[in-house]
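Proteins get letters first, then strands, A, B, ... in listed order; numbering begins at 1 in each.
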Amino acid sequence: MDATILLFLVQDGLTNGAIYALLGFALVLLFTVTRTIFIPQGDFVAYGALTYALLRAGHLPGTVKLLAVFGATALAVELWSRRRDLTPGFIATQCATKLGVPLAIWAVVAVLGAAPRPVLLDLALTIAIVGPMGPYLYRIVFQPLGGATVLTLFIAAVAVHIALIALGLAFFGPEGQRAPALIATSLKLGPVVVSGQSLAVYATTILLTAALSAFFALTLRGKALHASAVNALGARLVGIDTHVSAKIAFALAATIGAVSGVLIVPMTTIYYDSGFVIGLKGFVAAIFGGLGSFIITGIAAFSVGIVEALASFFASSFKEIIVFSLIIPVLLVRSARSHHGDDEDH
Amino acid sequence: MTASPIPAASASAAPASAPAALLAVNAMSVNHGPVPAVVDVSIDVAPGEIVTVIGANGAGKSSLLNAIMGITPGSGEVTFAGTPIRRHPVEARARLGLALVPEKRELFSTMSVIDNLTLGGWTATPAERKRTLEEVLDRFPRLRERRTQMAKTMSGGERQMLAMGRALMSRPKLLMLDEPSLGLAPRIVGEIFRIIADLRASGVSILLVEQNAKAALNAADRAYVMELGAVILQGPAADLAADPRVAGIYLGV
């Protein structure tokens, strides 16, 4: 191996690592706000990738219909849970947010049809289709489990993952999809050629990370989300609806998943069930950060990407094993240092 | 109102008339599993009034406050500012102007003093929030000094002040304080009660739960005495402070 190959591998690792970092952030966000270890995060990646690839090819993605199904189910759950004090205003708001939104998105995609569109418009449509699935799934599955233990929420998350895989097969079919590169040109930096796709991945990761940081540091809603994560009861005492915080966290996670899918699908063929392993690598990074630290998760994600790239060169058949083995020492150290106490100090 | 000594509640303080009550709790019972914590308790607080609930540890005082706030389920009717709130979740009660400073404070421990206070004004408009923040920082100069400090690095007394300040940020109609003096040094306890007296002067209604019966009766207009989950005595605070039954049990006379 020479320096050129090493540089190529590192670049490849950083590109994948950037995507793992985004997924790791989503997992940390969901765990801190809702205590859910969100196994289906990778399925949002697959949904986003397939949705974007089909939109790019001028087809109507099955996720458009699936979103309407999720919305209608969430609407039914919401109305049933409030059946004893329904007001016309409440019903109207719920119908608008849970049925009106998916149908409007469906209409927009149908009207746009197969006409060629700018990349950014297809990206926006992908986010519009996959993003709302997060809060709908929260309403259907996780909100009724409010107050459940981390283990119960985890089991529910596994069930959601299995359901999303099956729905992915039903709505997308078994064929894989691949999309053209987001940026077709490439950049020559000395001996290294950085592909436009890699640049798009870096730029998107930096942009999303900065936007998330600004949201948490500067906006009151972001602080409310943080507060819900730090002390849910304290948040409710000041009037913050923690279900709204959770729905925003799920919307952000689904959006991050969808964007990651758009970033990945020009690099590799994605099938309805490809998301799981990709999500797991984000999970490895999030574990490094103890499901609590965004900074450690980000650093770990890039390390995972680079280890994976090197492993695929030196021992490609052991690539996944090497990556997932990384969490064993982390878990050992963390469990040795853990005091198994509640992390909310008073 | 100036500093100590806190003027004792006037002995002629009239009991609140039921129809004008800001908070009316009717026949509240709370069970922790099979154990009854609160048994058929009815209390009320009139606008501008300071009412205290005193009693020994385990008498059900905190359970009563938690049920009024909606944190733990309880049977019985709760009416706040004319609205029956039994089916309201905690955050909806907070939005109506009911604030609780719980015994464990429940601060946002990894956030700064200013962020804790700002979030306390979650239900207010931005202009209102800014104005109230200045008022709260004026009322608690210590919080102004430590505005950028993380809540978890503060002392017990400072955290109690932060918890009270956070609750005041919503400009509540009724402030419920659960054992504000618990675990604090006597000097800090004096400061907390001085602030309570100040708050009364600015027209905030207060429902105060305390084990420190002497200080609580001193600060309050009316009082309820709880024992084993039930109210056993009630009346003007000054009368109860002089009542030999209360004095014998709680005041160490």
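Rounded to the nearest 0.5 angstrom, B/M69 CE and A/R236 CZ are separated by 9.0 Å. Here the NZ atom belonging to B/K104 is positioned 10.0 Å from the CG atom belonging to A/L233, to the nearest 0.5 angstrom.
Residues A/L220 and B/R129 form a side-chain contact, since some pair of their non-hydrogen atoms from C-beta on lies under 4.5 Å apart.
Neither the backbone nor the side chain of B/R93 comes within contact range of chain A, judged by heavy atoms closer than 4.5 Å. Within the 4.5 angstrom heavy-atom criterion, only side-chain atoms of B/I71, from C-beta onward, approach chain A. Within the 4.5 angstrom heavy-atom criterion, no atom of B/P172 approaches chain A.
Nearest heavy atoms, A/K223 versus B/M111: O-CE, 3.7 Å. Shown here for A/V238 and B/A94, the closest heavy-atom pair between the two residues is C-CB, 4.2 Å. The two residues B/F108 and A/A235 have their closest heavy-atom pair at CE2-N, 3.4 Å.
Just one of A/D241, A/V244, A/L237, A/I240 meets the side-chain contact (heavy atoms from CB on, under 4.5 Å) condition when paired with B/E91; it is A/D241.
Other residues, nucleotides and ligands contribute more than 12 heavy atoms inside 6.0 Å of the CZ atom of A/R83. Other residues, nucleotides and ligands contribute only 12 or fewer heavy atoms inside 6.0 Å of the CG atom of B/N57. Atom CZ of A/F154 has 12 or fewer neighbouring heavy atoms from other residues, nucleotides or ligands inside a 6.0 Å radius. No more than 12 heavy atoms of other residues, nucleotides or ligands sit less than 6.0 Å from atom CD1 of A/I295.
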